[in-house]
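My questions all concern the structure below.
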Amino acid sequence: MRLPIVDRDPARLAARHEAAVLWASRPALFGLLRLAPLGGPVRRVPRLGWVVTDPVLARRVLNDPGHFTLLGEGGVGHLWAQVLGDYVYRIFDGPGHADLRRRARDLFTDATARPLVGRVFDPALRPAVARLRAGGEVDVADLSRLLVGRMMAELLGLDLPAGDGEYRRIFGTGERLARLALGSAASTALAPDVVAQAKGIIAELTRNVPRAFAEAPAETLLGRCRELGLTVQEASGLSALLLVAGTETAATAMTRTLALLHDTGQQHRLVADPDLLATAVREGLRVTTPAPVIGRGVSRDVTVGPAAMRAGERVLVLTHAANNRAGGFDLDRPYLPESRQLWFGAGRHLCLGAALARAELEHLLGGLLSAGPVRVVGRRAARGVLIPSYASLRIVAGGPATPARHQVAAPAKLVGDGR
Ligand code: HEM
């Protein structure tokens, strides 16, 4: 039997719930994230390679394409080349990647992401908010998966029948694809049967890409890829990548940020002052850091801080540990120049969907809290998953008593437009 987590201090309670989510995903990941910072900013760990926990050194590694690559053993490009084909080596790093990024620079901007998210999310978000207002219950983890599934179907140009089941299935398929990479902590070389499974999943999910690429209007993702001069092969590869990079990461950020706002009691401040929404999104992304580890291979000998790294070695950048050095979720925390937005990586592989992810998070939080403060009535962390997350987080409207530390004088104002 699992005992409920209780703590009278809201900040500690929130941290304990986050710890439980990490532990449930993979106890080994939890141990690494907690223990590695005790060994200093960078150190060598048997079987894993170099482990970096300092935010400045982390950005130093990610910003140095001359000495680090994601194509070698240890990097995500190595995983993808086995599944998508050797063209990955041309477009995932080096001059081909720089060229692709230059052309794809404006794929997602704040200005294009916000209306896209509103259009794609609202048909599912509005009924959920209405249910809260009517005194009903909403499972935020399930809702987030549904919303992100809707976004993926939109981006991949999939014509799906109406009904939520198909969108949940898309999310589940993206999750299955990511899970195939679970065993890659010690090596990114995939077994032949894993490669075959991954290829099957990608073929199914990107089945409409060639047609949508040819016909889609210029304002859609695939239409824009065409207008930007990408080839259909590049657009298919990018679509597969979006699916893996942008499903579980975005869904977990949404659910866990809402849980953090609830557990710390800071949702009351956000309800009273919607201008805090951007800070809530930034703090949620920092504390949850949905991609907790970024892998690279050392391509040429290099010294990073006190570490002399040799070509062929692996580096694990523990972004979660680096981002959380500053402390727990706090709406009063200013922008941290040493971390910048390390939750989205850094350098030439900085998350391509960052603006979209921020808009998704803003829209969900604004929408749900437009019904006023919420109360968590049940939660379950997901076990054995690549990206730590809640399997379920059930909420109702009408928050718990405002914790003394976060009491607000102003009456609750409506947040966002997700009513
Ligand atoms: C909260 C949500 C998200 C987080 C925390 C996140 C995090 C990251 C991180 C850390 C990287 C860098 C990986 C590396 O350097 O090896 C990355 C890359 C990437 N992300 Fe995201 N991501 C999120 C959402 C999305 C979304 C919604 C999309 C698009 C639909 C997306 C698309 C991409 C792509 C295409 C890359 C590869 C960029 C490249 O290699 O040039 N991500 N993401």
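Computed from a prediction, not measured in an experiment: that's the story for all the values here. Note that the numbering runs from 1 along the sequence shown for the chain. Note that ligands are numbered from 1 as they come in the structure, with each ligand's atoms numbered from 1 the same way.
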Heavy-atom closest pair, residues V148 and A250:
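Answer, listing the atom of V148 first, then A250: CG2-CB, 4.1 Å.
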
Given that the side chain starts at C-beta and the backbone is N, CA, C, O, which of these parts of L62 lies under 4.0 Å from ligand 1, counting heavy atoms, or is it both or neither?
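No part of L62 comes within reach of ligand 1.
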
All side chain to side chain donor-acceptor pair (under 3.5 Å) counterparts of D110, not counting sequence neighbours:
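Partners of D110 by the side chain to side chain donor-acceptor pair (under 3.5 Å) criterion come out as none, since no residue qualifies.
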
Side chain, backbone, both or neither: the part of T319 lying under 4.0 Å from ligand 1 by heavy atom
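No part of T319 is near ligand 1 at this cut-off.
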
As a test of understanding, state which of L62, V52, V304 forms a side chain to side chain contact (heavy atoms under 4.5 Å, CB included) with V315.
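Going through the options one by one, the only one that passes is V52.
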
At a 4.0 Å threshold, what atoms of ligand 1 neighbour a non-hydrogen atom of L155?
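Numbered from 1, ligand 1 contributes 30 (C).
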
Under 4.0 angstrom from ligand 1, any heavy atom of T252?
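The answer is no, since T252 has no heavy atom less than 4.0 Å from ligand 1.
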
Any pair counted as side-chain hydrogen bond (donor to acceptor under 3.5 Å, both in side chains), so long as it reaches residues 191-210, sequence neighbours left out:
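Residue pairs passing side-chain hydrogen bond (donor to acceptor under 3.5 Å, both in side chains), neighbours aside: R169-E204.
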
In ligand 1, which numbered atoms sit nearer than 4.0 Å to a non-hydrogen atom of R348?
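Heavy-atom distances to R348 below 4.0 Å select 41 (O).
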
H97 to ligand 1, any heavy atom closer than 4.0 Å
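Flag set, H97 near ligand 1.
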
Can you list the ligand 1 atoms lying under 4.0 Å from a non-hydrogen atom of I294?
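In order of numbering, the contacting atoms are 10 (C), 14 (C), 15 (O), 16 (O).
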
Among all protein heavy atoms in this structure, tell me which lies nearest to atom 16 (O) of ligand 1, with the distance rounded to 0.1 Å.
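Result for atom 16 (O) of ligand 1: R296 NH1, 2.9 Å.
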
Show the atoms of ligand 1 that are less than 4.0 angstrom away from any heavy atom in P290.
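Contacts of ligand 1 toward P290, numbered from 1: 5 (C).
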
Can you find a heavy atom in the side chain of L84 that is under 4.5 Å from one in the side chain of I202?
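Side chain of L84 against side chain of I202, heavy atoms only: contact under 4.5 Å found.
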
Please write down residue, atom name and distance for the protein heavy atom closest to atom 37 (C) of ligand 1.
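The closest one turns out to be L241 CD2, 3.9 Å.
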
For atom 21 (Fe) of ligand 1, which protein N/O/S atoms fall under 2.8 Å? Skip waters.
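Per the 2.8 Å query on atom 21 (Fe) of ligand 1, atoms found are C351 SG.
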
Show me the donor-acceptor pairs, under 3.5 Å and distance only, between side chains in residues 222-233 and residues at least two apart or in other chains.
unit_1 : atom_1 : unit_2 : atom_2 : d
R224   : NH1    : L107   : O      : 2.1
R226   : NH1    : F213   : O      : 2.8
R226   : NH1    : A214   : O      : 3.3
R226   : NH1    : A216   : O      : 2.9
R226   : NH2    : A216   : O      : 2.8
T231   : OG1    : E234   : N      : 3.0

Any donor-acceptor pair under 3.5 Å linking the side chain of T53 with the backbone of A322?
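The answer is no, because no donor-acceptor pair under 3.5 Å joins these two groups.
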
Which residue owns the protein heavy atom closest to atom 29 (C) of ligand 1, what's the atom, and how far is it?
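Looking only at protein heavy atoms, the one closest to atom 29 (C) of ligand 1 is L242 CD2, 3.5 Å.
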
V376 vs R394 side-chain heavy atoms within contact, under 4.5 Å
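No - every pair of side-chain heavy atoms lies 4.5 Å or more apart.
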
Which protein non-hydrogen atom lies closest to atom 1 (C) of ligand 1, naming both residue and atom, and how far is it?
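Ranked first by proximity to atom 1 (C) of ligand 1 is L285 CD2, 3.5 Å.
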
Tell me the protein heavy atom at minimum distance from atom 38 (C) of ligand 1, and give that distance in Å.
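Minimum-distance protein heavy atom for atom 38 (C) of ligand 1 reads R101 NH1, 3.2 Å.
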
Compare all side-chain heavy atoms of L29 with those of L33 and state whether any distance is below 4.5 angstrom.
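Yes, close enough: below the 4.5 Å cut-off.
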
For the residue pair H97 and R348, confirm or rule out a side-chain donor-acceptor distance under 3.5 Å.
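No, because no side-chain N or O of H97 sits under 3.5 Å from a partner of the opposite role on R348.
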
Tell me, with the steps shown, if D99 and R103 meet salt bridge (charged side-chain N to carboxylate O under 4.0 Å, His left out).
CA-CA 6 Å; D99 177 51; R103 282 181 288 148; 3.0 Å; yes

Just let me know how L70 lines up against ligand 1, side chain, backbone, both or neither, with a heavy-atom cut-off below 4.0 Å.
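For L70, only side-chain atoms sit under 4.0 Å from ligand 1.
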
Going by an N to O cut-off under 4.0 Å, is there a salt bridge joining R150 and D122?
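No, this pair does not count.
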
Side chain or backbone of W343 under 4.0 Å from ligand 1, or both, or neither, by non-hydrogen atoms?
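The part of W343 near ligand 1 is the backbone, not the side chain.
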
F344 pairs by side chain to side chain contact (heavy atoms under 4.5 Å, CB included) with which of L352, T249, L285?
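Answer after filtering L352, T249, L285: L285.
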
Do other residues, nucleotides or ligands put more than 12 heavy atoms under 6.0 Å from R211 CZ?
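Count over threshold, so yes.
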
Could you check atom 40 (O) of ligand 1 against the protein and tell me its nearest heavy-atom contact, residue, atom and distance included?
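Residue, atom and distance for the closest contact: H349 ND1, 2.7 Å.
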
